[in-house]
S.K.: 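The structure follows.
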Amino acid sequence: MKENNQGPWMHAGEDLRKDAPFFASVGLSFGLLQYVGYNYFAKANWGGDLLFEHIPFYSLFLATIFLWFAKGLWEWQRSKREMKRVQALIAHVAARTVGFASASASVVFGFAMAPLLWGAYWHACMLLFCAVYLMSIAEIAANPLFGKGCSRTYFTAMIVIITIPLIF
């Protein structure tokens, strides 16, 4: 039997499986509230406002940048120094970032399901792109910087993080 030398599919998958049922249903309820507010209450943006309350985008962005620098420092200096505190800080910030990004991706995914109910396919696709982007942030935060231990979807997540802002 051939031994599998590759890493797992996703390091952030456990958090996504744990968060998705609750937060996707919350996102779906926000999407339904958005539909009701927009169509029956003078184009009120209730669902959109509640959605943005659940996406700490700037915090996720800054935490990911911090993780890249901290992981780079740790990779560069780990053969010379032990750096246990930096390693513990990286693990803590990565766990928090994965948790925030996982919950955010699940809420946006649930919100994207609401436009599908009334046939707004373009809006649903754009929201799904946002959910994939947030899921990619979670995967990048959960992985080590280089080489051994990376998941199979790490490089795909990197491509998503780089290309989606350039596309839009």
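Heavy-atom basis, side chains included; hydrogens, waters and symmetry copies ignored. FYI, the numbering just counts along the sequence from 1.
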S.K.: Tell me the closest heavy-atom pair linking A112 and A124, and the distance in Å.
M.R.: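 Scanning both residues, the minimum pair turns out to be O-CB, 3.5 Å.
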S.K.: Please check if the number of heavy atoms outside F100 that lie under 6.0 Å from its CZ is greater than 12.
M.R.: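 No.
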S.K.: Can you confirm whether W118 is buried at CH2, in the sense that more than 12 heavy atoms of other residues, nucleotides or ligands lie under 6.0 Å from that atom?
M.R.: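 Yes, CH2 of W118 has more than 12 neighbouring heavy atoms, counting only those of other groups under 6.0 Å.
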S.K.: Give the minimum heavy-atom separation between C130 and V108, together with the two atoms involved.
M.R.: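 Minimum heavy-atom separation between C130 and V108: CB-CG1, 3.9 Å.
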S.K.: For the atom pair NE2 (H123) and CG (L128), what is the distance rounded to the nearest 0.5 Å?
M.R.: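 With rounding to 0.5 Å, NE2 (H123) is 13.0 Å from CG (L128).
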S.K.: To the nearest 0.5 Å, what is the distance between OG1 on T156 and CD1 on I140?
M.R.: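 Answer rounded to 0.5 Å: 10.5 Å.
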S.K.: Using side-chain heavy atoms (C-beta onward) and a distance below 4.5 Å, is N45 in contact with F52?
M.R.: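 No; the side chains remain at least 4.5 Å from each other.
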S.K.: With side chain to side chain contact (heavy atoms under 4.5 Å, CB included) as the criterion, how do M83 and L73 come out once you've worked through the C-alpha distance, each side chain's angles and the decisive distance to 0.1 Å?
M.R.: CA-CA 10 Å; M83 299 176 62; L73 174 70; 4.1 Å; yes
S.K.: Once you round to the nearest 0.5 Å, how far does CG of L134 lie from CD1 of I55?
M.R.: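 With rounding to 0.5 Å, CG (L134) is 6.0 Å from CD1 (I55).
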S.K.: Should F129 and F30 be regarded as members of a common hydrophobic cluster, given that ILVMFWY residues are connected when their side-chain heavy atoms come within less than 4.5 Å of each other, either directly or indirectly?
M.R.: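 Per the 4.5 Å side-chain linkage, F129 and F30 are co-clustered.
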S.K.: We want to know whether D19 and S102 form a side-chain donor-acceptor pair, criterion being a heavy-atom distance below 3.5 angstrom.
M.R.: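 Their side chains do contain a donor-acceptor pair, which is all the 3.5 Å distance test asks for.
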S.K.: If hydrophobic clusters are built from ILVMFWY residues whose side chains come within less than 4.5 Å, do F111 and F22 share one?
M.R.: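 F111 clusters together with F22.
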S.K.: Is there a path of hydrophobic side-chain contacts, each under 4.5 Å between heavy atoms, that joins V132 and F155?
M.R.: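 Yes, V132 and F155 fall within the same hydrophobic cluster.
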S.K.: For a 4.5 angstrom cut-off between non-hydrogen side-chain atoms, does M135 reach F109?
M.R.: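 A side-chain contact is absent here, since even the closest heavy-atom pair is not under 4.5 Å.
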S.K.: List, by chain and number, the other hydrophobic cluster members for Y38, where Ile, Leu, Val, Met, Phe, Trp and Tyr join if side-chain heavy atoms come within less than 4.5 Å, directly or indirectly.
M.R.: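 Grouped by the 4.5 Å side-chain rule, Y38 forms a cluster of one, so the answer is none.
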S.K.: Report yes if the side chains of S104 and F57 come closer than 4.5 Å at any heavy-atom pair, otherwise no.
M.R.: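 Side chain of S104 against side chain of F57, heavy atoms only: no contact under 4.5 Å found.
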S.K.: Roughly how far, to the nearest 0.5 Å, is OH of Y133 from CG of L60?
M.R.: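 Answer for the CG-OH pair, L60 versus Y133, is 10.0 Å.
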S.K.: Apart from I162 itself, what residues make up its hydrophobic cluster, given side-chain heavy atom links below 4.5 Å?
M.R.: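 Members besides I162, by chain and number: L166.
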S.K.: Give the minimum heavy-atom separation between A141 and T97, together with the two atoms involved.
M.R.: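 The answer is CB-CG2, 3.7 Å.
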S.K.: Any chance you could measure M113, atom CE, to L32, atom CG, to the nearest 0.5 Å?
M.R.: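 One gets 12.0 Å once the value is rounded to the nearest 0.5 Å.
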S.K.: Once you measure the plane-to-plane angle for Y35 and Y40, does it fall in the parallel (<30°), tilted (30-60°) or perpendicular (>60°) bin?
M.R.: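 Judged by the thresholds at 30° and 60°, the geometry between Y35 and Y40 is perpendicular.
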S.K.: Would you confirm whether S106, through its side chain, and P21, through its main-chain N or O, come within 3.5 Å as a donor-acceptor pair?
M.R.: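 Checking the backbone N and O of P21 against the side chain of S106, no donor-acceptor pair under 3.5 Å is found.
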S.K.: Distance from L67 atom CG to W74 atom CH2, nearest 0.5 Å?
M.R.: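 Here the rounded value is 13.0 Å.
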S.K.: When you group the ILVMFWY residues by side-chain heavy-atom contacts below 4.5 Å and let the links chain together, are V36 and L50 in the same group?
M.R.: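 Linked, L50 and V36 end up in one cluster.
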S.K.: I need the minimum non-hydrogen distance between A101 and A138, along with the two atoms involved.
M.R.: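 Nearest pair, atom of A101 first, then A138: CB-CB, 3.6 Å.
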S.K.: Does I159 share a hydrophobic cluster with Y154, counting links as ILVMFWY side-chain heavy atoms below 4.5 Å and allowing steps through other members?
M.R.: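 Per the 4.5 Å side-chain linkage, I159 and Y154 are not co-clustered.
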S.K.: Got a sec: does the CD of Q77 have more than 12 other heavy atoms crowding it under 6.0 Å?
M.R.: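 Atom CD in Q77 is crowded, with more than 12 foreign heavy atoms closer than 6.0 Å.
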S.K.: So, using side-chain contact (heavy atoms from CB on, under 4.5 Å) as the criterion, who are the partners of W9 when residues are at least two apart?
M.R.: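 W9: side-chain contact (heavy atoms from CB on, under 4.5 Å) contacts with R152, T153.
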